[in-house]
Amino acid sequence: MSQINTKLLERFSNDFAQLLETEYEFNVIVKVDKQSFKLHSLVLYQRSSFFRQELTTATKKNNIIEITLTNTSVEAFKILIK
């Protein structure tokens, strides 16, 4: 792969990862314990087979998908989404 392609891929990867850090245009709310996380379905879908299944079967309310995790700690979830 050329140096230009590598830099473009690296930049795209960084831009994609930044979606985890911004709530702009989010479309998923994941509730863990008493905290809510506003995330992007595209990122969750690509990173996790668990969320791929959840997103496939979840219903939308006002174009927002709500997922509640009952057996996960906030700390563990923060690690999982990173």
Side-chain angles (χ1 to χ4, degrees):
M1 196 182 299
S2 74
Q3 186 175 1
I4 292 173
N5 287 340
T6 302
K7 286 184 179 187
L8 285 173
L9 184 59
E10 195 174 292
R11 174 96 189 248
F12 179 72
S13 178
N14 288 335
D15 290 345
F16 190 74
Q18 285 179 350
L19 286 174
L20 285 173
E21 299 173 14
T22 180
E23 295 179 1
Y24 180 74
E25 293 288 326
F26 73 93
N27 64 341
V28 177
I29 296 176
V30 178
K31 295 179 181 180
V32 181
D33 232 359
K34 295 179 181 177
Q35 284 192 331
S36 293
F37 297 86
K38 297 176 180 174
L39 303 167
H40 302 269
S41 62
L42 183 69
V43 176
L44 295 173
Y45 188 88
Q46 290 303 319
R47 288 197 168 182
S48 166
S49 60
F50 170 79
F51 280 111
R52 194 170 299 131
Q53 179 64 35
E54 288 291 313
L55 293 167
T56 303
T57 60
T59 57
K60 288 184 181 182
K61 185 190 292 182
N62 297 324
N63 289 326
I64 302 292
I65 298 169
E66 289 189 16
I67 298 171
T68 302
L69 301 179
T70 55
N71 295 323
T72 306
S73 70
V74 171
E75 294 79 20
F77 183 71
K78 286 181 179 179
I79 292 168
L80 287 172
I81 61 172
K82 294 292 177 180

Validation row: H40, L44 side chains within 4.5 angstrom (heavy atoms): no
Within-4.5 Å side-chain heavy-atom neighbours: V28 and Y45: no
Co-members of the apolar cluster containing I29 [side chain, <4.5 Å]: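 Noted: I29 shares its cluster with F26, I64.
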Results of salt bridge (Lys or Arg N to Asp or Glu O under 4.0 Å) for K78 - residues two or more places apart only: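 Residues passing salt bridge (Lys or Arg N to Asp or Glu O under 4.0 Å) with K78: none at all.
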Pairing residues for N27 by the side chain to side chain donor-acceptor pair (under 3.5 Å) criterion, not counting sequence neighbours: S41
Taking only residues two or more places apart in sequence, or in another chain, which ones meet [X] in a side chain to side chain contact (heavy atoms under 4.5 Å, CB included)?
| X | answer |
| --- | --- |
| A76 | T72, S73 |
| T68 | K31, T70 |
| I4 | S2, L8 |

ring-ring contact (aromatic ring centres under 6.0 Å, His included): pairs with one or both residues in residues 59-82, sequence neighbours excluded: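 Every pair satisfying ring-ring contact (aromatic ring centres under 6.0 Å, His included) with a residue in residues 59-82: F37-F77.
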Residues F50, L69; criterion side-chain contact (heavy atoms from CB on, under 4.5 Å); working and verdict: CA-CA 11 Å; F50 170 79; L69 301 179; 3.8 Å; yes
Supply the atom-to-atom distance [X] [atom1] to [Y] [atom2], rounded to the nearest 0.5 angstrom.
| X | Y | atom1 | atom2 | answer |
| --- | --- | --- | --- | --- |
| L80 | S48 | CG | OG | 8.0 Å |
| L39 | I65 | CG | CD1 | 11.0 Å |
| R47 | L42 | CZ | CG | 10.5 Å |

Salt bridge (charged side-chain N to carboxylate O under 4.0 Å, His left out) contacts in which one or both residues fall within residues 52-62, not counting sequence neighbours: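 Sorted result for residues 52-62: empty, none.
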Non-neighbouring partners of F51 that pass ring pair (Phe, Tyr, Trp, His ring centres under 6.0 Å), sequence neighbours left out: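 With neighbours one apart ignored, the set is empty.
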Exam field: side chain S36 to backbone V32, donor-acceptor pair closer than 3.5 Å: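 No.
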